[in-house]
4 protein chains.
Amino acid sequence: MKHIKRRERESSEIRRKIIEAARSLFLNQGYAEVSMRKIADQIEYSPTTIYHYFSNKEAVVRELLLEGNALFLKALQQRVDEAQAAGLNALDTLKTVSDAYVRFGMANPEYYNILFISNLESVSSVSLIDSGSFKGFELLEGGLKVAMEEGGIIQGDEHLMARSVWSMLHGLTSLLLNFELPMAKANNELISFTIDTFFRGLSR
Amino acid sequence: MKHIKRRERESSEIRRKIIEAARSLFLNQGYAEVSMRKIADQIEYSPTTIYHYFSNKEAVVRELLLEGNALFLKALQQRVDEAQAAGLNALDTLKTVSDAYVRFGMANPEYYNILFISNLESVSSVSLIDSGSFKGFELLEGGLKVAMEEGGIIQGDEHLMARSVWSMLHGLTSLLLNFELPMAKANNELISFTIDTFFRGLSR
Amino acid sequence: MKHIKRRERESSEIRRKIIEAARSLFLNQGYAEVSMRKIADQIEYSPTTIYHYFSNKEAVVRELLLEGNALFLKALQQRVDEAQAAGLNALDTLKTVSDAYVRFGMANPEYYNILFISNLESVSSVSLIDSGSFKGFELLEGGLKVAMEEGGIIQGDEHLMARSVWSMLHGLTSLLLNFELPMAKANNELISFTIDTFFRGLSR
Amino acid sequence: MKHIKRRERESSEIRRKIIEAARSLFLNQGYAEVSMRKIADQIEYSPTTIYHYFSNKEAVVRELLLEGNALFLKALQQRVDEAQAAGLNALDTLKTVSDAYVRFGMANPEYYNILFISNLESVSSVSLIDSGSFKGFELLEGGLKVAMEEGGIIQGDEHLMARSVWSMLHGLTSLLLNFELPMAKANNELISFTIDTFFRGLSR
DNA sequence: CATGAATGAGCTTTCATTCAT
DNA sequence: GATGAATGAAAGCTCATTCAT
């Protein structure tokens, strides 16, 4: 029994190492640079070993994608829970969740890239319906609907609004991540200013 | 003399062909798929020939980048000129230029990708100061300053505001380009709604 | 004791499964496609398990070869027995055994390929003397000798004749198996015509 | 001009070397052993170089196949011509062409294997209609028809007969090539005996 | 008895690039 | 001005096999 447990753990450890390495390569060099060989080099195993744990390269990336999805959704959901615990209204909840979106991206640039920037067509087999981005979208849409009912924001098509909010958040995040413009100063300020401005535009 | 002239012209023609081919490959298959061999195949010259006109692959991409920059800036500037010809105030000018930004991205996805999405680190040698994005940024910043003076928008740090506007525009454009979410309906509606909302948030 | 018996039986079962899987891969995809991994996958055991029952890949193939040999010889012998039970003369016996040869090949293409087409040099360690092909050859030779004595066929070197008959049968079988020429029509007709013609040539 | 010629020749020389190497590997080790690397090693070029001359492995094998086809047909045709020059009747022509068939196989074992033993499905793109085997078959069929008309052989379906003759020849050749049975003695004797016997069976 | 772990060697193929001509 | 020749490096992947447990 112990034996089995140890084995399983070891198994998982290498699996972990593999996707950690993939994640790091992804972060530092982009998708094109994630190669089985480089992963193998990084974890100091032979390339063949990776094929023990993943059936091919796509499977590695898919795992990364799924993991990112889960973390992303968890981060959003957690902020929602906190907001509700604090008794925030729908509009303020939307704002704090928006903040959580951007924070997630900044804290997990590699995941954010995988999820929303790199166009991983090859891995599209991951069901969009189950994906964090889809669920996150629904969460956003739901929040907007409630905010409308509460009268915090203007009436309108919540679907359209959700796409609009998402655009703003995505732009904010991806510029922060990939374009450290020389004039970049206070990122925090930019984040709150942008979110505030946008939601002010939505307020009645 | 004539000879030389003809040669030069031919030279330029091939240069043209090369970057056109690169652009098309970029558009249709993504950066990773742009290879010297594929460019050569497409223009029906040998790979070696490309090295007559460009010292290496990076140089080809850089040229594309410069070209994209120029077109991008031109598109924005043109809209500014039209706005001024029409006697628009600063706020409305900003809005129509914002529209131009997104339209450029949609009309020139390959350039937009090269300029703002693909992280072409290798080509970072292109001076940012001269880049279209930088000039576009200044243009935006200037517009915001004037709008403040005109009283159309709230007072504040125009630099911060410019980054904020840019974020919104970039998010809008890149989501439109790379994430045709299944729920995508009316893109035009999304564009105008987002821009309007954001600038309403900036208005006093 | 029971334990051992059970184990042995299980052992044999897996041995069986292994060579069955190998045979099926051989048949469906050719020798090159028989890999230890694929066999393992097919029987749903780990590749390592195979090495419990066979020392290496060659051993698996050799087993297949031996099995094929046995079946082949059995098929021929059975037809001989039937012929004698029916009181056929030597010439007619030869003809019906020839038919059995071709039928065996068509009914067991994978074995026929292993035995007579694939050139399994690596497995040449199987003693030819014990092989079905050798025994089959002797059977053929013996039949020819008797037929000569009976006066059904011309006098001559029965060894040479046996090789000759074998050639004809092998050509017939292997063309039928591996070259379904578009003009292929009635295989049965071809078989009987060829055998009849050849033995008419041998008749006095 | 000289320059160009030399280049072309060199070009062809390497092409030659490549397919010679492939041919030799084919002969000595079988199709599975023909690898781009091994070819490259044998001709002492880098594997990449081969891709200058052939677009992929299949193209190399296809060239071999085409070449074999051509040589095969040429060998048969030549014997036909000789027979006609010598004024042979149709039956004797068939017999000498049969001999040529077997001689070709023995003289060019690698080609014979490629053409008629290895089942090169991947290369089936070579049109069967144009193939040497098909043309050779037609030649055989035609000869049989004439022989019937001349009264040298029995009346019958010349198509069936051609398949039958082909079977006999193929069996003879492939046994000679791939099964040097220990009892092998006089191959020449076997060849003529088998051909004679078969055609005696066909004679009226 | 059975297997998970691991590997070195090999596979076909594409890449950017250089060099001589 | 243009190219054919050539390559080293790297890609994703499969193979038979060994070893410790």
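Residue numbering restarts at 1 for every chain, and letters A, B, ... go by the order of the sequence lines. Just so it is clear, the model here is predicted, and its values are computed rather than measured.
One atom, CD of D:E33, and another, P of E:dA9, lie 17 Å apart when rounded to the nearest Å. Between B:K57 atom NZ and E:dT18 atom P the separation is 15 Å, expressed in whole Å. One interatomic measurement links the two molecules: CD of A:E58 to P of F:dG12, which rounds to 13 Å at whole-angstrom precision. Between the OH atom of B:Y51 and the C1' atom of F:dG4 there is a distance of 15 Å, given to the nearest Å. Whole-Å rounding puts the B:R15 CZ to F:dG1 C1' distance at 15 Å. Between C:I50 atom CD1 and E:dA2 atom P the separation is 12 Å, expressed in whole Å. The CG-C1' distance, from A:L25 to F:dA11, rounds to 14 Å in whole Å. Here the C1' atom of nucleotide E:dT17 and the CZ atom of B:F54 are 16 Å apart, to the nearest Å.
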Problem set entry | Test log, rule side chain to side chain contact (heavy atoms under 4.5 Å, CB included), inputs A:V61 and A:Y31 | CA-CA 9 Å; A:V61 178; A:Y31 176 68; 3.8 Å; yes
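Taking only side-chain atoms of C:Y53, from C-beta outward, the nucleotide of F:dG12, F:dC15, E:dA2 with the closest atom is E:dA2. Candidate nucleotides E:dA2, F:dA2, F:dT17 were compared by shortest atom distance to the side chain of C:N56, and F:dT17 ranks first.
Residue side chain A:T48 reaches the base of E:dG8 through a donor-acceptor N/O pair under 3.5 Å, judged by distance alone.
Qualifying side chain to side chain donor-acceptor pair (under 3.5 Å) partners for D:S24, counting only residues two or more places apart in sequence or in other chains: D:Q42. Under the side chain to side chain contact (heavy atoms under 4.5 Å, CB included) criterion, B:A59 pairs with B:F54, B:S55, B:N56, B:R62, sequence neighbours left out. With sequence neighbours excluded, the residues that form a ring-ring contact (aromatic ring centres under 6.0 Å, His included) with A:F116 are A:F72, A:Y112, A:W166. Legend: residues meeting salt bridge (charged side-chain N to carboxylate O under 4.0 Å, His left out) with C:E20, ordered by chain and number and at least two apart, are C:R16, C:R23. Residues that satisfy the side chain to side chain donor-acceptor pair (under 3.5 Å) test with D:T49, not counting sequence neighbours, are D:S46.
Residues in residues 39-51 of chain C take part in no salt bridge (Lys or Arg N to Asp or Glu O under 4.0 Å) pair, two or more places apart or across chains.
Within the 4.0 angstrom heavy-atom criterion, no nucleotide atom of any strand lies near D:V60.
Both the sub-6.0 Å distance and the 45° axial angle are not jointly satisfied by C:K38 relative to the ring of C:F26.
A heavy-atom distance below 4.0 Å to DNA chain E is reached by these residues of residues 36-47 of chain C, ordered by number: C:Y45, C:S46.
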For DNA chain F, the expected dot-bracket line (Watson-Crick or G-U under 3.5 Å, [ ] crossing, | inter-strand) is .||||||||||||||||||||
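Atom CG of C:N108 is separated from atom CD1 of C:I114 by 10.0 Å, given to the nearest 0.5 angstrom.
Closest-nucleotide positions on DNA chain F for A:A32 and D:H52 were compared, and the one nearer the 5' end corresponds to D:H52.
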